[in-house]
Amino acid sequence: MAVPLLDLKAQNGALEWELKSAFERVLRSGHFILGPEVEKFERDLAKFARARHALGVSSGTDALLLALMALGIGPGDEVLCPSFTFFATAGCVTRVGAKPVFCESSPVTFNLDVRDAARRVTPRTRAIIPVHLFGQPADMDAVLALAKKHKLFVIEDAAQALGAKWRERPVGTLGDFGVASFFPTKNLGALGDAGALITQKEAHYERARILRVHGMEPKYHHQFVGGNFRIDALQAALLSVKLTRASAYNAGRARHAGHYTARLSRLPGARLAMRGDARMASTVKEKARLILPITLPEGTAIWNQYTVRVPGKRDALRAHLTARGVASEIYYPIPLHEQACFASLGAKPEDLPWAHRLAGEVLSLPVYPELHDGQVDEVCNAIADFLKAK
Ligand SMILES: Cc1ncc(COP(=O)(O)O)c(C=O)c1O
């Protein structure tokens with residue numbers, strides 16, 4: 001039985017009639033830029049994310065850029081962020097002229113190691129970007145404490161985590177801005193590119209709203225240099241349909257993640273990640289052959305990815321799964337401090353040993369909501385056979 005990594009045809013096909021009628025409504029309205037569809041989506045999104053304000057934008061990347069611009073971050077500033085993340089997190093910091101300062105990640109949550117970040121604070125540090133990677137909330141107690149101590153802005157990169165919670169509070173609402181992406185692979189995926197910024201702060205919202213349209217307010221009066229960061233009315237209308245299912249999508253993923261953990265944790269050679277792993281030196285040889293993801297007790301994850309660690313044998317497991325018709329993916333094979341475009345920052349691979357090591361060990365398994373239980377079993381059986389054979 002083939003198990004793809006994602007099945008968007010199944011997800012969108014189930015909503016075909018509603019999506020087509022949203023499309024037709026926009027087509028007939030002739031209103032394609034901002035306007036009522038965008039405003040409705042922003043209201044619904046703010047409610048879903050329990051945020052005071054939501055601003056629809058063109059992508060998660062543009063949401064990050066807009067947040068940095070709205071906070072006035074630029075040349076001479078340093079921004080703390082993980083190295084083990086998607087490129088946009090740090091790319092946007094460079095695009096506003098600031099310096100990304102790469103920090104270690106925790107092998108427990110794959111998220112920012114805040115103790116390491118604390119060691120990298122300088123008088124030029126202006127902001128910190130915790131990424132809630134794979135839908136797992138970062139340790140926001142530690143992030144907020146560090147930010148308070150050094151008066152840093154907090155931009156939560158919740159591109160993969162809309163709906164995840166930290167101490168029952170939705171991620172994205174704990175810092176200055178929360179970034180959402182509706183890239184089709186996200187738990188709430190558009191039919192193209194789209195994103196959003198959420199914030200609790202009126203002044204941040206107003207500034208971002210104006211920067212979204214070239215810093216223009218009122219018409220043809222430009223207060224600041226912004227950009228075109230608007231979400232399409234069409235994507236907003238389509239997302240409004242899918243937003244009504246977002247909690248169900250998240251719950252479906254959590255159910256599959258629970259099945260994976262229950263089945264795989266019983267296999268010889270497998271174990272759950274443990275909080276204590278964070279204290280383990282990155283050079284320690286791991287005895288377990290498969291390490292399963294956990295959520296910290298303070299958090300609720302939305303499982304955008306179910307990512308396991310396979311010390312020493314990741315590529316072999318991936319090849320084995322491929323041969324069995326099971327898709328998997330490596331998010332992310334090269335940490336950002338080792339990317340060519342950041343070479344001028346002078347970081348060596350061994351400067352962030354966990355980020356480096358994780359990139360060589362991680363493997364994400366199919367966890368999309370439309371998976372059948374039989375497909376989850378298929379993935380587990382294939383992994384069990386791999387562990388038996390090696
Ligand atoms: C952690 C993270 N940050 C930012 C982004 C950027 O979002 P987008 O692809 O919508 O520009 C993504 C999406 O891939 C992401 O996963």
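What you see below is based on every heavy atom in this structure, not just the backbone, and it leaves out hydrogens, waters and symmetry mates. Just follow the structure's listing: the first ligand is 1, and inside any ligand the first atom is 1.
Short contacts between ligand 1 and A159, defined as distances under 4.0 Å to a heavy atom of the residue, involve ligand atoms 2 (C), 3 (N), 4 (C), 5 (C), 12 (C), 15 (C). In summary, the atoms of ligand 1 found under 4.0 Å from a heavy atom of V131, numbered by their order in the structure, are 1 (C). Counting the atoms of ligand 1 from 1 in the order shown, those under 4.0 Å from a heavy atom of G60 are 6 (C), 7 (O), 8 (P), 10 (O), 11 (O). Within ligand 1, the atoms closer than 4.0 Å to a non-hydrogen atom of T61 are 6 (C), 7 (O), 8 (P), 11 (O), numbered from 1 in the order shown. Atom numbering of ligand 1 starts at 1 in the shown order; those under 4.0 Å from a heavy atom of K186 are 12 (C), 13 (C), 14 (O), 16 (O). Of all the atoms in ligand 1, the ones that sit under 4.0 Å from a non-hydrogen atom of Q160 are 1 (C), 15 (C), 16 (O).
Between L211 and F229 the shortest heavy-atom distance is O-CD1, 3.7 Å.
The shortest N/O to N/O separation between D62 and ligand 1 does not fall below 3.5 Å.
Within a 6.0 Å radius of CZ in R95, no more than 12 heavy atoms belonging to other residues, nucleotides or ligands are found.
From the protein, the heavy atom lying nearest to atom 3 (N) of ligand 1 is D157 OD2, 2.7 Å. Of all protein heavy atoms, the one lying nearest to atom 12 (C) of ligand 1 is F86 CD2, 3.4 Å.
Between D62 and R212, none of the side-chain N atoms (NZ, or NE/NH1/NH2) sits under 4.0 Å from a carboxylate O, so this pair counts as no salt bridge. Under the 4.0 Å criterion applied to side-chain N and carboxylate O atoms, R209 and E206 are assigned as salt-bridge partners. Salt-bridge formation is not detected for the pair R314/E361: no Lys NZ or Arg NE/NH1/NH2 atom is positioned less than 4.0 Å from an Asp or Glu carboxylate oxygen.
Close placement of the F41 and F182 rings is indicated, their centers lying within 6.0 Å of each other.
A donor atom on one side chain and an acceptor atom on the other are not found under 3.5 Å apart for D116 and W354.
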